[in-house]
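Input: a single structure, listed below in structure tokens.
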Amino acid sequence: MRASKYLIATLKETPADAEVISHQLMLRAGLIRKLASGLYTWLPMGLRVLRKVEKIVREEMDANDGQEVLMPVVQPSELWEESGRWQQYGPELLRIEDRHQRAFCLGPTHEEVITDLIRNEIKSYKQLPATFYQIQTKFRDEIRPRFGIMRAREFTMKDAYSFHLNQESLQQTYETMFDAYSRIFSRIGLDFRPVIADTGSIGGSASHEFHVLANAGEDDIAFSDGSDFAANVEMAEALAPTGERPTASEEQQQIATPNQHSIEELCAFLSVDATQTVKTLIVLGCHDEGTPAPLVALVLRGDHQLNEIKAEKLSEVAEPLQLASDEQIKNAINCKPGSIGPCALNNIPVIVDRSAAHLANFVCGANKDGYHLSGVNWQRDCQIDQIADIRNVLAGDPSPDGKGTLVIKRGIEVGHIFQLGTKYSEALKATVLDEDQKNTVMTMGCYGIGVSRVVAAAIEQNHDDKGIIWPEAIAPFQLAIVPINMHKSEAVREQCETLYKSLSDKGIEVLFMDEEKARLGVMLANVELTGIPHRVVIGDRGLKEGKIEYKERKQQENEEIPLNKLETFLENKLLC
RNA sequence: CGGGGCGUAGCGCAGUCUGGUAGCGCACUACACUGGGGGUGUAGUGGUCGUAGGUUCAAAUCCUGCCGUCCCGACCA
């Protein structure tokens with residue numbers, strides 16, 4: 001490609017509304033432009049990168065018996081009514097009407113459509129297992145689109161769905177996909193980790209996320225330093241403290257604590273450590289529609305944070321988790337939220353986190369405004385109805401597999417695989433005839449990759465103060481040819497043209513900075529900003545000495561390559 | 001959904017408090033000089049000041065509504 005015929009839309013200054021580095025660099029390098037909140041146009045340079053990611057994903061899916069299809073973005077509401085998600089999904093599902101006032105939505109995911117297709121097309125167990133995938137535009141009306149392409153409303157996703165006669169078959173394909181995903185992200189050149197994950201709104205049982213480790217990530221990932229355990233913090237189990245609970249040695253006392261509400265304030269006021277305190281959260285319990293919600297108390301050690309996902313999974317707790325209002329608390333306990341404790345809560349069930357349950361002689365609210373209790377002990381002073389794991393793990397906690405301690409890092413979720421089971425096949429009655437001529441509901445898996453998000457994640461992980469440093473596998477171009485004073489030197493022009501033609505003919509993707517009179521500094525800055533992995537600078541001075549200057553984007557130093565060996569040198573570097 | 005910021009040329013911003021000719025830098029066009037890391041000069045192109053209404057002789061500027069956009073929060077217990 002010749003730069004003179006290519007839109008190199010680089011910006012000198014960082015657009016004011018870009019917060020994270022990948023968003024800034026994608027705008028500055030001229031990969032994307034914003035159309036509206038969460039909606040982006042891919043410019044030529046950016047689209048080349050996106051297509052390369054797609055190509056790698058496609059190759060690995062094809063290599064594992066994935067069959068590519070392409071489903072519509074617009075989907076009829078009837079299918080979503082059938083699966084129950086028309087009600088469940090909430091405002092993230094963008095609903096629209098056609099001219100006949102028929103309801104449709106823009107597809108945020110395609111379980112319904114693929115299941116509908118397959119129930120009509122696959123009738124026999126002999127056709128199973130089968131995996132179908134597409135690389136396609138998804139739309140999710142996010143509460144808060146942010147970080148550019150990282151959390152956009154419209155984005156490119158690879159979604160795959162597998163169909164099976166039974167769980168064993170699903171398990172096999174799940175493992176195949178797990179390996180395929182690992183190969184995909186390795187080939188792209190990312191530092192990633194597969195982690196145990198929650199299934200969220202897609203539903204199902206087993207699930208892994210693939211995370212690219214980067215500070216801009218929106219998820220916390222817990223790793224063991226002593227094994228390969230890795231899980232999303234949402235899912236990482238917090239083990240019960242070992243050993244016996246210390247014995248009760250203090251008497252319970254009521255202390256006046258005027259205007260001390262938060263754990264921090266309280267600890268400072270009483271000079272106690274947060275680990276010797278207990279906080280009590282009042283949430284709504286499970287209830288039938290129309291009846292008033294009962295209350296449930298969740299008790300945590302003062303320095304711990306409630307894990308909403310874990311709490312929601314308790315049968316006593318309403319899903320989604322909802323904190324009781326100040327008024328509900330006032331009515332039931334007759335105090336403000338800042339003074340609640342687990343003692344004498346009348347009929348409110350008390351669910352205690354494992355760590356909090358292990359405390360003795362602790363401090364908690366007195367259920368009376370302006371007072372706390374000290375020297376409190378379980379059983380002696382207050383009841384435990386249930387002990388459960390309801391907190392987030394912290395760095396330094398023991399690993400749930402018993403080996404090592406946990407470290408917490410930020411991750412960008414780029415892939416997610418699920419064992420769906422029969423959630424959708426049952427709802428949509430997707431069955432096949434099995435060996436015994438019985439109708440059997442198919443078992444399903446689904447597998448997603450945020451293709452456009454991968455591009456942003458790659459930049460988060462690979463950049464410096466000059467711009468992007470693309471992994472070779474997804475760089476928009478492999479090599480940039482930068483001439484010096486080409487309009488004044490026929491020799492330079494000839495050398496550049498020859499090299500450009502020869503390498504291009506061999507299939508190497510070359511960007512030839514052929515613009516007349518372009519200044520060297522500008523060209524080099526653009527080549528660096530756009531992250532092209534290799535470059536040669538060709539000028540009269542070097543030609544006279546029979547040398548060409550070569551530099552790799554990720555290296556600091558130039559190399560001098562003898563002119564007569566240049567082509568071989570570059571072919572060795574760039575031809576796979 | 002709650003809170004806050006911002007909206008003036010493609011980008012980055014000043015001007016708004018205290019109403020009176022629409023500004024600066026980058027980019028872009030032409031020419032000249034320069035020519036091994038975003039160079040210099042001269043001359044230019046480009047703006048319904050987000051939008052609707054109000055106050056006023058006069059509104060980018062004051063008032064009101066709306067829209068857009070970005071950030072933070074949604075755990076005092």
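In the text below, chain A, chain B and the rest are named by the order of the sequence lines, each starting its count at 1.
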task = For A/Ala16 and for A/Gly148, locate the closest nucleotide of RNA chain B by heavy-atom distance; then report the residue assigned to the nucleotide nearer the 5' terminus.
result =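 The answer here is A/Ala16.
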message = With nearest nucleotide decided by heavy atoms, which residue, A/Asp540 or A/Lys34, maps closer to the 5′ end of RNA chain B?
response =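 So the residue in question is A/Asp540.
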key: Short side-chain donor-acceptor distance under 3.5 Å, A/His463 and A/Glu460   =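 No donor-acceptor contact under 3.5 Å links the two side chains.
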ask   = Taking RNA chain B as the partner, which of residues 518-530 of chain A come within under 4.0 angstrom of it by heavy atom?
value =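 A/Arg519, A/Leu520, A/Gly521, A/Val522, A/Leu524, A/Ala525, A/Asn526, A/Glu528, in order of number.
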inquiry  = If the condition is side-chain contact (heavy atoms from CB on, under 4.5 Å), which residues does A/Gln305 pass it with, not counting sequence neighbours?
reply    =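 A/Gln305: side-chain contact (heavy atoms from CB on, under 4.5 Å) contacts with A/Asn392.
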What is the base-pairing partner of [N], counting Watson-Crick and G-U wobble geometry with both distances under 3.5 Å?
| N | value |
| --- | --- |
| B/rC1 | B/rG73 |
| B/rA58 | none |
| B/rG35 | none |
| B/rA14 | none |
| B/rG65 | B/rU51 |
| B/rG44 | B/rC28 |

Closest to the [X] side chain: [options]?
| X | options | result |
| --- | --- | --- |
| A/His487 | B/rG35, B/rU69, B/rC71 | B/rG35 |
| A/Pro15 | B/rC75, B/rG12, B/rA77 | B/rG12 |
| A/Ala36 | B/rG35, B/rC75, B/rU69 | B/rU69 |

inquiry  = Let's go through A/Glu218 and A/Arg146 carefully: what are the C-alpha distance in whole Å and the side-chain angles of both, what is the deciding distance for side-chain contact (heavy atoms from CB on, under 4.5 Å) to 0.1 Å, and is it a yes or a no?
reply    = CA-CA 11 Å; A/Glu218 294 183 283; A/Arg146 58 176 152 182; 3.2 Å; yes
Base, sugar-phosphate alone, or nothing: which one does [X] contact when heavy atoms must sit under 4.0 Å apart?
| X | result |
| --- | --- |
| A/Gly365 | nothing |
| A/Leu27 | nothing |
| A/Thr14 | sugar-phosphate |
| A/Lys336 | nothing |

inquiry  = Can you tell me whether the side chain of A/Arg146 and the base of B/rG73 have a donor-acceptor pair closer than 3.5 Å?
reply    =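 Answer no: no donor N or O sits under 3.5 Å from an acceptor.
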query = What distance do A/Tyr40 atom OH and A/Arg153 atom CZ have between them, rounded to the nearest 0.5 Å?
reply =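 Output value for this atom pair is 10.0 Å.
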query = Is it true that A/Arg535 and A/Glu528 make a salt bridge, defined as a side-chain N closer than 4.0 Å to a carboxylate O?
reply =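 Salt bridge flag = yes for A/Glu528 with A/Arg535.
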query = Under the criterion side chain to side chain contact (heavy atoms under 4.5 Å, CB included), which of A/Val299, A/Leu281, A/Leu300, A/Leu314 is the partner of A/Ile351?
reply =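 Testing each of A/Val299, A/Leu281, A/Leu300, A/Leu314 against A/Ile351, the sole residue satisfying side chain to side chain contact (heavy atoms under 4.5 Å, CB included) is A/Leu314.
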Every protein N/O within reach of nucleotides 23-30 of chain B N/O, cut-off under 3.5 Å:
from: B/rG25; atom 1: N2; to: A/Glu13; atom 2: OE1; distance (Å): 2.9

